[in-house]
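Scroll down for the structure; my scribbles are underneath it.
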Amino acid sequence: MALTRQALSLGMIVTSALMIWKALMCITGCESPVVVVLTGSMEPGFKRGDILFLHTSKDPIRTGEIVVFNVEGRDIPIVHRVIEVHERQDTRDVDILTKGDSNDQDDRFLYTYGQHWLSPQHIMGRAIGFLPYVGWVTIIMTEKPLIKYILLSALGLLVITSKD
Amino acid sequence: MHSFGYRANALLTFAVTILALICAMASLSDNFNSPSPSSQIQILNINWFQKQPHGNDEISLTMNITADLQSLFTWNTKQVFVFVAAEYETLKNSLNQVSLWDAIIPTKEHAKFWVQTANKYRFVDQGSNLRGKEFNLTLHWHVMPKTGKMFVDKLVMSGFRLPEEYR
């Protein structure tokens, strides 16, 4: 009886975390509403380990906005600023060029070979807010998976051994 | 019930919740700031204006940029990112925005500035439409907080015109 109760409370914790995550996804309209800054290319504004809150909207992309995009073939999202926009007269097509604040060059060398511009479909979201340092937890857990296992087992142990 | 692990867990949860609350309040306090920035941009000289081998127009110009952005800074501001972009319309494109210069303002004291500079980034068109083109110069600023919501705004200065002929 006590075992099922503990299993239930563990299940409740996991489910509520998942519900909060999904709700965030609905509210901000993105696939991943929070992203961790992995490189120093936007310093001193964003340092490695900061997290950014993203938002998608149908508003057109304009220069100065900080966007998160995926280059085809790579799955690490890049967070840089838009420095050039060329929008066509009749269609919704837009050519976008980005650059990291502390990089000297624009991002053309990051795009796939032969690609000179980004399109709105590459953009995952716009950064609207940020929290410093919080992303280090994710970076440590990704780069040293051992810590992730230790943390999860300690959490599981804590729930199971609590008296109620 | 009163084990060390249990107490440590309760303390940690409480601390994180309070921290999150303080960050949210810090960000909300930025909304009470009503900024009144001002700026002026002059084009001192068109250095050169050519059609490049790949068929696109390119221009190099020297600008005089003055601005007073001190009212944007609050206690929760980490830095202000400021940049100047040229905006114009062509037959093919309803909007073109090209960033010409940017800078990072780390503190309030640096926010009142005067700078004379050539364009930091290349002003290249998609095509050959720049001769005699009228364009706006906009000063954009991006207030990046120590924590929380970022604020963006801009000042549009219109009435600039590119030369009719290449030089």
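A, B, ... follow the sequence lines: proteins, then strands. Residue 1 opens every chain. Note that the structure is a prediction, hence the values are computed from the model and not measured.
- No part of B:Leu100 comes within reach of chain A, as not one of its non-hydrogen atoms sits under 4.5 angstrom from that chain.
- The CG atom of B:Asn45 sits 12.0 Å away from atom CG of B:Asn64, with the distance rounded to the nearest 0.5 Å.
- For B:Met150, the parts sitting under 4.5 Å from any heavy atom of chain A are the backbone and the side chain alike.
- For a residue to count as touching a neighbouring chain, one of its non-hydrogen atoms must lie under 4.5 Å from one of that chain's; by this rule B:Val98 touches chain A with backbone and side chain alike.
- Between A:Phe130 and A:Phe53, a ring centre-to-centre spacing not shorter than 6.0 Å is recorded.
- With a 4.5 angstrom heavy-atom cutoff, B:Lys78 touches chain A only via side-chain atoms.
- A side-chain contact (heavy atoms from CB on, under 4.5 Å) with B:Leu155 is found for exactly one of B:Pro37, B:Ser39, B:Ser38, namely B:Ser39.
- Neither the backbone nor the side chain of B:Ser27 comes within contact range of chain A; no heavy atom of the residue lies under 4.5 Å from a heavy atom of that chain.
- Residue with the most contacts toward chain B among A:Asp90, A:Ile83, A:Val82: A:Ile83 (heavy-atom pairs, distance under 4.5 Å).
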For the pair B:Arg161 and B:Glu164, evaluate salt bridge (charged side-chain N to carboxylate O under 4.0 Å, His left out) and give the outcome as yes or no after the intermediate values.
-> CA-CA 9 Å; B:Arg161 198 188 169 91; B:Glu164 303 284 344; 3.2 Å; yes
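- Other residues, nucleotides and ligands contribute more than 12 heavy atoms inside 6.0 Å of the CZ atom of A:Arg88.
- Counting heavy-atom pairs under 4.5 Å between each of B:His140, B:Met144, B:Glu87, B:Lys154 and chain A puts B:Met144 at the top.
- Neither the backbone nor the side chain of A:Pro60 comes within contact range of chain B, judged by heavy atoms closer than 4.5 Å.
- Under the 30°/60° scheme for interplanar angles, the aromatic rings of B:Tyr166 and B:Phe49 are found to stand perpendicular.
- In this structure, chain B has a heavy atom under 4.5 Å from the backbone of A:Glu43, while its side chain stays farther away.
- Atom CD of B:Gln40 sits in a sparse spot, with 12 or fewer heavy atoms from other residues, nucleotides or ligands closer than 6.0 Å.
- For A:Ile128, the part lying under 4.5 angstrom from a heavy atom of chain B is the backbone only.
- Residue B:Tyr121 touches chain A through its side chain alone, counting heavy-atom pairs closer than 4.5 Å.
- Within a 6.0 Å radius of NE2 in B:His110, no more than 12 heavy atoms belonging to other residues, nucleotides or ligands are found.
- Contact tally against chain B (heavy-atom pairs below 4.5 Å) for A:His86, A:Glu84, A:Lys99: the top residue is A:His86.
- Of the residues B:Asp57, B:Thr90, B:Asn56, B:Asn93, the one that meets the side chain to side chain donor-acceptor pair (under 3.5 Å) test with B:Gln126 is B:Asn93.
- In this structure, no portion of B:Lys120 lies under 4.5 Å from any heavy atom of chain A.
- Of the atoms belonging to B:Ile104, it is side-chain heavy atoms, and not backbone ones, that fall under 4.5 Å from chain A.
- If you measure heavy-atom distances from A:Asp95 to chain B, the contacts under 4.5 Å come from the side chain alone.
- Across B:Ala20, B:Pro145, B:Ala85, B:Cys23, the residue that shares the most heavy-atom pairs under 4.5 angstrom with chain A is B:Pro145.
- Contact count against chain B (heavy-atom pairs under 4.5 Å) is highest for A:Asp101 among A:Asp101, A:Asp50, A:Asp93.
- Between B:Glu165 and B:Arg131 there is no salt bridge, since none of the side-chain N atoms of the basic residue sits less than 4.0 Å from a carboxylate O of the acidic one.
- For A:Arg81, the part lying under 4.5 angstrom from a heavy atom of chain B is the side chain only.
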I would like to know whether B:Asn33 and B:Asn31 meet side-chain hydrogen bond (donor to acceptor under 3.5 Å, both in side chains); could you show each step before the answer?
-> CA-CA 5 Å; B:Asn33 186 37; B:Asn31 289 323; over 6 Å; no
